[in-house]
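To start, the structure itself, in structure tokens.
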Amino acid sequence: MELTQLESTLSDVRQIIRQYWGYDSLRPLQQQAMESVLRGRDSLLVLPTGGGKSLCYQAPAILRGTMTVVVSPLISLMKDQVDGLKACGVPAVQIDSSQTASERNALEKSIRHGEIRLLFVSPERLAMADFHNLLQQIRVETFAIDEAHCISQWGHDFRTEYRQLRKIKDLFPNASVHAYTATATEDVRADIIRQLGLQNPDVLIGDFDRPNLTYRVLSRRESLNQVLDVVRRHDNEAGIIYCISRKAVDELTRLLRKHGLNAVAYHAGLTSDERRSAQEYFASEKCDLIVATVAFGMGIDRSNVRYVMHTGMPKSLEHYQQETGRAGRDGLEAECVLLYSSADLMLWKSIMEKSASTELAAETNSSSFLEAANKHLDQISRYCRGAVCRHRALVEYFGQSFAKESCGACDVCLGETTYVEESDLIAQKIISCVARIKGRFGVGHLVSVLRGETSETVRKWQHDELSTFGILSSHPKNDLRDWIDQLIGLGVLDRLNLTMQSGFNFSAVVINQESWSVLRNQRSVRLMQPMRSTKELKAKRMRIAEDSWQGVDKDLFEKLRAIRIKIAKERGWQAFMVFSDATLREMAQVKPSNPSSMSRVKGVGNTKLENFGEAFLEVIAAHCDASNLKIDVF
Ligand code: ADP
Ligand code: ZN
């Protein structure tokens, strides 16, 4: 394609995006990615979740007037995408195993008649002879591979069926193949290109930072209260809480429900019906709070998730990025809170050791599996303990540089955690107390001795006679527990897990080689302390959220949400397919009074205006009339 021709084509694409989606500007790399598709050159586009990958193959398909085949890993994902496209007036269908023969025939007919622009299928279907015969007959020229990292064993989500996709290039030598993923590691990218046999592809890699997410790492104290804090900060908003084990999921769900919250559990131990209904509940906004293991996530594309919380450390930064990626897909602000304790590292190490000896490692060499797993664990625990800007730490981990000095959206940059003055001295006092106690005692006992409490055990062992007895008596219990935990995390104290004769498990705090470096002033440590009041925290959060809520009439926003849910229900769609939260907020700010000013709101394309414009205009008019508000505020 010549340059001038390409330019005019690109301006046509923009026109299509305006008309169908109601967006008037492109996100970073969308133009380049569409160019690859329009030129028929293989490509790999890596953008974080919510970056707008799907538009890159959808808009060109409409412009060209031919059918693009989209490979997607889950039927539920396909259905959502097809529904979402239909809502915008784009002819899209899926073919899957749940359809009857006559439904299938009707679909094939419309495909042959050239009526369809986007066809969604599973990788298995692509391998079926009669199906690829059909595609060959109608000369399909473009394939889009969604969640392309599923083809790589090195990714976090390998699916054997994706291996079938290697055949595309053989079966359709003239077609271009475009791979899309949010996975950032270099090995996986190279593997995707190799596995799919992409030829001289355009490789487009976006910025991994998600500026709309605020990251916080807190040391885990009373986790239920910490969870409640976060949930209550997000009253009426959607959130996902990840726990490490199924048991923890069930327990936390029970407690949250006891506190009157409509929390729903999700993990692989539930029946597939239970899991499906939990997903459905969350997706259709019947419930806002999911408590889950990492089994939950793939196929969840609810775009207005406002917080993702981890009650324990995930097993790698890749996992963390993937799971927090589910927050704020609509580009609006969202919060990610991770509760960390040095015990998590121990827990994961023992889980990994167990799985290294079982099926997980069957495909790989178990010692290299363990080595890699341990490396990932060390990296994420360093992230948790670190006092580097979280945005910077994540972006740099994924091999990119971070230009800003301060992100303004993490606990470190917001100054929510501060260094403890005289950290070294405090560390030395704690360590020398551990050394003097001699023997195996837990954190609770150590704290008692440091604070000068004469408990029964203290007296029994005559620890009230130690020179370190009461040496940190002016510090609150929780701070001391935190610092001991941090010293373990820093490797200057060790945790020793013991099973008593009675079968009782407990973990003792003991000194190690590094402890001596601290005592001898050869190693300096920095202890951190969270900010005291949650009020301050709330104020800070509000400031971040302020921008996107500026001028938004919150009452009106809630009314618009209600009508959105009603319309979605009637059609069997997910709520945000009617309009996203971002669009509703803009409506609640602009307060359009007629179709033409409604069409200026981002996310209002022609079809949606026609179908839902009136219903929303009515609600806006009634609201504005009642309180005599200004309308059409541009
Ligand atoms: P990804 O697949 O990369 O996770 P999506 O394609 O689902 O992201 O897009 C995320 C959201 O952003 C969707 O609601 C989409 O409609 C919206 N979006 C995409 N491109 C634009 C754009 N240029 N302007 C505004 N919103 C956009
Ligand atoms: Zn920061």
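Starting from 1, each residue takes its place in the sequence as its number. Please read these numbers as outputs of a predicted model, since none were measured by experiment. Order of listing sets the numbers, starting from 1, for every ligand and every atom in it.
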With respect to the Zn ion (ligand 2), please indicate if Cys413 possesses an N, O or S atom at a distance under 2.8 Å.
yes
For the Zn ion (ligand 2), angle spanned by Cys407 SG and Cys410 SG (nearest 10°) is 110°
Can the ring centres of Tyr397 and Phe208 be said to be less than 6.0 Å apart?
no
Centre-to-centre under 6.0 Å for Tyr57 and Tyr180, is that the case here?
yes
Measure from the side-chain N and O atoms of Asp485 to the backbone N and O of Ser342, and report whether any donor-acceptor pair falls under 3.5 Å.
yes
When you measure from the side chain of Thr583 to the backbone of Lys602, do you find a donor-acceptor pair of N or O atoms at a distance under 3.5 Å?
yes
For ligand 1, which atoms, with element, lie under 4.0 Å from some heavy atom of Ser25?
22 (C), 23 (N), 24 (N)
Is the terminal nitrogen or CZ of Arg18 (NZ for Lys, CZ for Arg) located under 6.0 angstrom from the six-membered ring centre of Tyr23 and within 45° of that ring's axis?
no
Are Arg600 and Phe634 in a cation-pi setup, meaning NZ or CZ lies under 6.0 angstrom from the ring centre and within 45 degrees of the ring axis?
yes
Could you check whether any heavy atom of [X] sits closer than 4.0 Å to an atom of ligand 1, since that is the contact criterion I want to use?
| X | answer |
| --- | --- |
| Leu26 | yes |
| Thr49 | yes |
| Ser303 | no |
| Gly50 | yes |

Show, in sequence, the C-alpha distance, side-chain angles and deciding distance for Phe143 and His178, and conclude whether the ring pair (Phe, Tyr, Trp, His ring centres under 6.0 Å) test is met.
CA-CA 6 Å; Phe143 288 86; His178 307 275; 9.6 Å; no
Any idea which protein heavy atom is nearest [atom], and the distance to it?
| atom | result |
| --- | --- |
| atom 7 (O) of ligand 1 | Arg329 NH2, 3.5 Å |
| atom 5 (P) of ligand 1 | Ser54 OG, 3.5 Å |
| atom 16 (O) of ligand 1 | Tyr23 OH, 2.7 Å |
| atom 9 (O) of ligand 1 | Gly52 CA, 3.5 Å |

Part of Ala582 with heavy atoms under 4.0 Å of ligand 1, whether side chain, backbone, both or neither:
neither
Answer with side chain, backbone, both or neither: which part of Gln30 has a heavy atom less than 4.0 angstrom from an atom of ligand 1?
side chain
Heavy-atom count around Lys286 NZ within 6.0 Å, excluding the residue itself: above 12?
yes
Salt bridge (charged side-chain N to carboxylate O under 4.0 Å, His left out) evaluation trace for Glu335 with Arg216:
CA-CA 8 Å; Glu335 187 184 10; Arg216 297 196 157 91; 2.5 Å; yes
